[in-house]
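To keep things clear, I will list the structure first and then write my remarks on it.
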Amino acid sequence: MSNKKTFFLPDLGEGLPDATIVEWSVKEGDTIRLDDPLVSMETAKAVVEVPSPVSGKVLKLSGAAGDVIVTGKMLAEFEIDPSMPQRAEGQDTGHNHGGGDNDDGGKGVGSQDPAPDDRVVASDDGGAIEADGEPAPKGEVRQDAGTVVGAMQSSDHVHTEQAVAVGGVKAMPAVRAMARKLGVDLSRVTATGPNGVVSLADVKKAAADGTAKAGSAPAQRAVDRVAQAPSPAPAAAAQRAPVSQSGRPMRTQPPSVAATGQPEQLKGVRRNMARVMADAHTQVVPTTLVDDADLHAWIGKQDITARLIRSICAAAKAVPALNAWFDGKNLTRTMHAHVDIGIAVDTDDGLFVPALRNADVLDAGGIRSSIQRLRQQVEDRSIPASELSGYTISLSNFGMFAGRYATPVVVPPCVAIVGAGKLSHDVVAVMGGVEVHRRMPISLTFDHRAATGGEAARFLKALLDDLSLPN
């Protein structure tokens, strides 16, 4: 039996085809123990700490920080040390990365608990994570998790994200990712967390006051590369005629010949966003209606986002056809009695769409506090993956930046998305003359396979009527 073990990148629980290396906790030649932190990987939704599957010497690591690793491809190679703790070998799992159902009808690690309690399976026995963090037992039959390529048997130990000491600094994987992004040297950050752990707030404070800058900021390195780039060959300049006979600038080669810049590999959230947008483009038949909401009757200062959400709920109650999911493959439509609104949140890393649950039963204060909580979790990259899916209709309030009308993208299985444009003061014809009213442009894009034009128009009218109410 060979003492070498090849570890392949498992499905990290989100069904994504790849993940990006944030930081290795070891280097080639190091000795690592079973379940010690091996590497931090960034997916579209979180930074995940991947533990070592064996105890032994690290022979090879695939890629460096920033590299994208495909699920099922080699992540690391080890020389197993028999004198150290090892996990019991089981039958070969083949190349199953789905983390889905087991052959016996059970559920794999990270899948939804079959019990109607919205818990998550914590072990291969089907035990679910309870409030105290311990798995609830379910039978004695064990099956392989199917989440790791090779002959590894999973244990019942639940791995939780913990502060990992790398280079003498204790920090969560998400904090290390944020420090790398902001160009902060963690070893120079003053830790305020418990037991000397560097928190996200510590990193942001250090970035703001500039007390812990890394050796060179990414932007500066980019400038250095441009400065060191060789100048264009004189021959290329000689091929251009500076002006034509009429005295106007003239090109003798296409602009692309002299184009400069480095291709950037999409990673994490932005990489997943590109996939989702492409899938939506091929799966949805979008149609957009636009109109303006007249806010002239509003009394005093009001929370615009809360009013938009209330109006969407009123429209969904009046026309349920747009608060629905559509299955294009089976041509089935599911209309929902509740309203979970996906709120588009723009970040430097890409687009997040957390779900505002049960928006139809929240008052204005509840809506505002829930939105603030979701935005904070998105900013901290601490939002659970379950909160980034399952919404029944979407809202994009792009008008807080710029723009009047748009054709926002419907992401299946949703049927519709509402876009709110920038408020303006418009001249409006009224009985006996004209007045200046404050108005909000509204765009409604819907999947025409699932809803008729009449249903969409009635939905839009109900939304506009609710927005026009004084309070």
Side-chain angles (χ1 to χ4, degrees), residues 1-13 19 21-41 47-63 69-100 102-104 106-111 120-127 129 133-167 170 172-173:
M1 175 178 169
S2 173
N3 280 341
K4 287 188 178 181
K5 170 70 178 181
T6 301
F7 179 48
F8 302 93
L9 176 65
D11 183 344
L12 297 178
I21 297 173
V22 175
E23 185 176 27
W24 290 102
S25 299
V26 295
K27 61 182 181 297
E28 293 180 0
D30 285 355
T31 298
I32 189 170
R33 294 179 64 86
L34 174 69
D35 291 334
D36 278 356
L38 175 66
V39 62
S40 299
M41 304 292 295
V47 178
V48 180
E49 193 73 62
V50 179
S52 174
V54 297
S55 297
K57 182 180 180 181
V58 179
L59 298 179
K60 186 177 180 181
L61 302 176
S62 291
I69 305 297
V70 175
T71 300
K73 296 297 183 182
M74 190 190 90
L75 187 60
E77 187 176 69
F78 304 91
E79 181 180 347
I80 298 176
D81 187 342
S83 65
M84 298 175 69
Q86 304 292 341
R87 184 168 287 120
E89 295 286 346
Q91 296 299 317
D92 193 288
T93 62
H95 290 267
N96 177 13
H97 302 288
N102 293 327
D103 294 337
D104 64 349
K107 297 290 182 179
V109 175
S111 64
V120 176
V121 175
S123 72
D124 299 330
D125 306 311
I129 296 176
E134 293 296 326
K138 179 188 174 184
E140 298 299 328
V141 180
R142 289 195 54 81
Q143 295 291 336
D144 185 82
T147 57
V148 179
V149 176
M152 275 181 47
Q153 193 73 14
S154 298
S155 71
D156 287 327
H157 180 65
V158 179
H159 295 289
T160 58
E161 187 181 70
Q162 298 178 348
V164 180
V166 178
K170 292 183 180 179
M172 294 285 191

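The shortest heavy-atom contact between Ser62 and Ile69 is O-CD1, 3.7 Å. In terms of heavy atoms, Thr6 sits closest to Glu77 at OG1-OE2, 3.7 Å. Counting all heavy atoms, side chain and backbone alike, Glu28 lies closest to Leu61 at OE2-N, 3.1 Å.
Looking at residues two or more places apart in sequence or on another chain, you find a side chain to side chain contact (heavy atoms under 4.5 Å, CB included) between Pro85 and Arg33, Ser55. For Ile32, the side chain to side chain contact (heavy atoms under 4.5 Å, CB included) partners are Val26, Asp36, Leu38, Ser52, Val58, Phe78, not counting sequence neighbours.
No donor-acceptor pair under 3.5 Å is formed between the side chain of Glu79 and the backbone N or O of Lys5. Side-chain N or O atoms of Trp24 include none that pairs as donor or acceptor with a backbone N or O of Ser40 at under 3.5 Å.
Looking at Ile80 and Lys4, their side chains never come closer than 4.5 Å, going by heavy atoms from C-beta outward. Residues Val70 and Leu9 have side chains not in contact (no heavy-atom distance under 4.5 Å, counting atoms from C-beta outward). Gln86 places a side-chain heavy atom less than 4.5 Å from the side chain of Val54. At least one side-chain heavy atom of Asp35 sits under 4.5 Å from a side-chain heavy atom of Arg87. Taking 4.5 Å as the limit, every side-chain heavy atom of Asp30 sits out of range of all side-chain heavy atoms of Lys57.
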Is there a side-chain contact (heavy atoms from CB on, under 4.5 Å) between Val39 and Glu23 once you walk through the steps? CA-CA 6 Å; Val39 62; Glu23 185 176 27; over 6 Å; no

